[in-house]
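Everything quoted here is computed from the prediction, not taken from an experiment. Sequence lines set the chain letters: A, B, ... in the order given, protein chains first and strands last, and positions in each chain run from 1.
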Amino acid sequence: MDKMKCTSCIVLLVRLVLVAAFFLAALPKIQDPVAFAISVESYRILTGQAVLWVALVLPWLELIIGLGLMIPKIRRTSSLLIILLLFIFIGLHASAWIRGLDISCGCYATESVSSNYFLLISRNCALLIAAVFVLARDWRNHA
Amino acid sequence: MGAPNTLAIALHEITRELFFIATLTVLGAGFSLYLGYAQVPWAEPEIAAGEIQFADARVLDVIWIDARSIEEYEAGHYSGAIHVDESNWDSGLVVLMNRWLEAPRPIVIYCGSKDCKSSYRLADRLRQALPEGEIYSLKGGSEAWTK
């Protein structure tokens, strides 16, 4: 019984970390989509209207799936989308690193101008593992 | 028989949840647009690269170039504008260079209307002839200052 409680506490803690990570990432982007659009453009993958679409929609998606981890009705799909987004972010950072781009990550408001790609990728890998853990628990509990 | 059913139910639920998340995301994005936080992605940009608005050009001390036909130029042109078009490129360029070398400043080219392209072609050609120059096409053409 104690073991179950302990596991539930760990799952809740991991869940809260993910919620905080996505909530804090989304808010500054929602407040300043222009700055986020500049960060998106600096990856040199998207241009023009596509950049503006990403700057408009992605922060809201991050916010909703971040908070969605706490809402039983959309928990699983939120975890799935978080995993998908983290894979995309890791791929983008790796691509920028390989191309030698010296850019701002655009992940959080307080980040420095130049990105430390190793730290970024490590952080996203840790979040990815956390999201997979939460998804596995939710899936099992749902079944 | 049980496993495919479970999978189908899970897929159905995930589709429903995806729809719910997508709806909330669209509502959020709409809220950003409504408050004016975000730029409307499908709107035509107010000004393209290499263009300048008349209101901005007027307050700058610029060299005006009229890229319309000589007949249109003689019928009326913006005060101080030089006539340069494809037909008098060489002589027009000499006049322009003399004026620019006296006091280097931005160059603004206009043609007949908002749909005309000759000012853009001339601007491209001029950027090659004068790489140090700050060269713009007037958005809206001569209609912008005749209004």
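Sparse packing is recorded around CD of B:Q128, with 12 or fewer heavy atoms of other residues, nucleotides or ligands lying under 6.0 Å away. Within a 6.0 Å sphere centred on CZ of A:R99, other residues, nucleotides and ligands contribute more than 12 heavy atoms. Within a 6.0 Å radius of CZ in A:R44, no more than 12 heavy atoms belonging to other residues, nucleotides or ligands are found.
Summarising the geometry, atom NZ belonging to A:K29 is positioned 13.0 Å from atom OG belonging to B:S32; distances are rounded to the nearest 0.5 Å. Interatomic distance, A:I64 CD1 to B:L24 CG, rounded to the nearest 0.5 Å: 5.0 Å. Taken from CD in B:E13 to NZ in A:K73, the straight-line distance is 9.0 Å, to the nearest 0.5 Å. Rounding to the nearest 0.5 Å gives a distance of 11.0 Å between CZ of B:F20 and OG1 of A:T77. Annotation: the span from B:F31 atom CZ to A:W60 atom CH2 amounts to 6.0 Å, rounded to 0.5 Å. With rounding to the nearest 0.5 angstrom, the CG atom of B:L35 is 11.0 Å from the CD1 atom of A:I30.
Counting heavy-atom pairs under 4.5 Å between each of A:V34, A:L63, A:L56 and chain B puts A:L56 at the top.
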Derivation and outcome, side chain to side chain contact (heavy atoms under 4.5 Å, CB included), residues B:L18 and A:I74: CA-CA 8 Å; B:L18 269 176; A:I74 57 170; over 6 Å; no

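A:V51 and A:V57 are assigned to two separate hydrophobic clusters, defined by single-linkage of ILVMFWY side chains at heavy-atom distances under 4.5 Å. A continuous path of ILVMFWY side-chain contacts below 4.5 Å connects A:I65 to A:L84, so both sit in one hydrophobic cluster. Residue B:V95 is grouped with residue B:I109 when hydrophobic side chains (ILVMFWY) are merged at heavy-atom distances under 4.5 angstrom, including chains of intermediate members. At a threshold of 4.5 Å between side-chain heavy atoms, the hydrophobic network of Ile, Leu, Val, Met, Phe, Trp and Tyr places A:F87 and A:V54 in one connected group. Both B:L130 and B:L101 belong to a single network of hydrophobic side chains, linked directly or stepwise wherever heavy atoms of I, L, V, M, F, W or Y lie under 4.5 Å apart.
When all heavy atoms are compared, the tightest approach of B:Y37 to A:P33 is O-CG, 3.3 Å. Nearest approach of A:W139 to B:I14, heavy atoms of both residues: CH2-CD1, 3.4 Å.
Within the 4.5 angstrom heavy-atom criterion, no atom of A:L58 approaches chain B.
In summary, B:E17 and A:R75 do not engage in a salt bridge, as defined by a charged side-chain N under 4.0 Å from a carboxylate O.
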